[in-house]
Q: 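Next up is a structure, given as structure tokens.
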Amino acid sequence: QVQLEESGGGLVQPGGSLRLSCEASGDIYILNFMGWYRQAPGKERELVARITGSGSTKYANAVKGRFTISRDKDKNTVYLEMFSLKPEDTALYYCNAEVVSGSYYAQYESEYWGQGTQVTVSS
């Protein structure tokens, strides 16, 4: 079992910044990737950013140049630094991780989701 603990959401004014954190804990043999999705009311959930175990990153076009994803492998934690926030960034942000659990001899792969942390950008 793997748990994802999110933090860092809140209320900010347009142009402000926030830093989201997500710590994965539990039976983690390999962390394939961790990332962030978001879902605004009435919209589909969308990928915001993702980072692999090797450090490769992927960003949604809407956040490129404004958001930065990073990770601390020692802590199994992923961060999302958000700058120049816009009202359009308002959404519930979900941490997501694909984890290989087990051992060298026997593994299983699962996807996990955090409970979501609210980001609201408003004046």
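Heavy atoms only: backbone and side chains are in, while hydrogens, waters and symmetry mates are out.
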Q: How far does CZ of Phe33 sit from CG of Leu31, to the nearest 0.5 angstrom?
A: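 With rounding to 0.5 Å, CZ (Phe33) is 9.5 Å from CG (Leu31).
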Q: In the hydrophobic cluster built from side-chain contacts under 4.5 Å, what are the other members alongside Tyr104?
A: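 Tyr104 clusters with Tyr29, Ile30, Val100, Tyr105.
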Q: Report the C-alpha separation of Val119 and Thr90 in whole Å, then their side-chain angles, then the decisive distance to 0.1 Å, and conclude whether the side-chain contact (heavy atoms from CB on, under 4.5 Å) test is met.
A: CA-CA 5 Å; Val119 172; Thr90 296; 5.9 Å; no
Q: Would you say Ile69 and Met34 are hydrophobically clustered, going by side-chain heavy atoms of ILVMFWY under 4.5 Å?
A: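 Yes, same cluster.
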Q: Using a side-chain heavy atom cutoff under 4.5 Å and only I, L, V, M, F, W and Y, what cluster partners does Phe83 have?
A: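 Members other than Phe83 - counting any ILVMFWY side chain reachable under 4.5 Å - there are none.
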Q: Do you know the tightest heavy-atom contact between Tyr79 and Ser21?
A: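 Looking at all heavy atoms of both residues, the closest pair is CD2-OG, 3.2 Å.
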Q: What are the two closest heavy atoms between Thr68 and Tyr59, and how far apart are they?
A: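 What the structure gives for the nearest pair is CA-OH, 3.4 Å.
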Q: With distance as the sole test, does Lys73 use its side chain to make a donor-acceptor pair with the main-chain N or O of Gly53 at under 3.5 Å?
A: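 Checking the backbone N and O of Gly53 against the side chain of Lys73, a donor-acceptor pair under 3.5 Å is found.
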Q: Quick one: CG on Asn76 to OG on Ser25, what's the gap to the nearest 0.5 Å?
A: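 Reported value, rounded in 0.5 Å steps: 8.5 Å.
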Q: In chain order, what residues pass the side chain to side chain contact (heavy atoms under 4.5 Å, CB included) check against Ser123, with sequence neighbours excluded?
A: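 Result, side chain to side chain contact (heavy atoms under 4.5 Å, CB included) vs Ser123: Pro14.
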Q: Roughly how far apart are Ile28 CD1 and Gln3 CD, rounded to 0.5 Å?
A: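 The CD1 atom of Ile28 sits 8.5 Å away from the CD atom of Gln3.
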Q: Which heavy atom in Val2 sits nearest to a heavy atom in Ser101, and how many Å separate them?
A: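 Taking every non-hydrogen atom into account, CG2-OG, 4.1 Å.
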Q: Looking at every non-hydrogen atom in both residues, tell me the closest pair between Leu80 and Ala49 and how far apart they are.
A: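 That closest heavy-atom pairing would be CD1-CB, 4.0 Å.
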Q: Can you list the residues that meet the side chain to side chain donor-acceptor pair (under 3.5 Å) rule with Asp74, with sequence neighbours excluded?
A: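 Partners of Asp74 by the side chain to side chain donor-acceptor pair (under 3.5 Å) criterion come out as none, since no residue qualifies.
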Q: Rounded to the nearest 0.5 Å, what's the gap from OG1 on Thr117 to CH2 on Trp36? Could you check?
A: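 Taking OG1 in Thr117 and CH2 in Trp36, the distance rounds to 6.5 Å.
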Q: For residues 94-119, which residue pairs pass the salt bridge (charged side-chain N to carboxylate O under 4.0 Å, His left out) check, not counting sequence neighbours?
A: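 Listed once each, the pairs would be none.
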Q: How long is the gap from OG on Ser70 to CD1 on Ile51, to the nearest 0.5 Å?
A: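 Answer rounded to 0.5 Å: 6.5 Å.
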Q: Residues in side chain to side chain contact (heavy atoms under 4.5 Å, CB included) with Ser110, at least two apart?
A: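 So Ser110 forms a side chain to side chain contact (heavy atoms under 4.5 Å, CB included) with Tyr108, Tyr112.
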Q: Going by the salt bridge (charged side-chain N to carboxylate O under 4.0 Å, His left out) test, which pairs reach into residues 5-27, not counting sequence neighbours?
A: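 Pairs touching residues 5-27 that pass the test: none.
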Q: Please enumerate all residues that pass side chain to side chain donor-acceptor pair (under 3.5 Å) together with Ser54, with sequence neighbours excluded.
A: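 Once residues adjacent in sequence are excluded, the partners of Ser54 under the side chain to side chain donor-acceptor pair (under 3.5 Å) criterion are Thr52.
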Q: For Tyr37, give me all partners under side chain to side chain donor-acceptor pair (under 3.5 Å), at least two apart in sequence or on another chain.
A: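 Result, side chain to side chain donor-acceptor pair (under 3.5 Å) vs Tyr37: Arg50.
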Q: Strictly by salt bridge (charged side-chain N to carboxylate O under 4.0 Å, His left out), give each pair with a member in residues 29-44 just once, sequence neighbours left out.
A: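 Passing the test, one end in residues 29-44: Arg38-Glu46, Arg38-Asp89.
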Q: Do you know the tightest heavy-atom contact between Ala24 and Leu4?
A: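 Smallest interatomic distance, heavy atoms only, reads CB-CD2, 3.5 Å.
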Q: Among all residues two or more places apart in sequence or in another chain, which pass the side chain to side chain contact (heavy atoms under 4.5 Å, CB included) test with Leu92?
A: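 In terms of side chain to side chain contact (heavy atoms under 4.5 Å, CB included), with neighbours along the sequence ignored, Leu92 is linked to Tyr94, Gln118.
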Q: Could you report the tightest heavy-atom contact between Cys95 and Val78, atom names first, then the distance?
A: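 Residues Cys95 and Val78, closest heavy atoms: SG-CG1, 4.2 Å.
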Q: What distance do Cys22 atom SG and Tyr93 atom OH have between them, rounded to the nearest 0.5 Å?
A: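 Cys22 atom SG to Tyr93 atom OH measures 14.5 Å (nearest 0.5 Å).
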Q: Who passes side chain to side chain contact (heavy atoms under 4.5 Å, CB included) against Lys58, sequence neighbours left out?
A: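 By the side chain to side chain contact (heavy atoms under 4.5 Å, CB included) rule, Lys58 matches Leu47.
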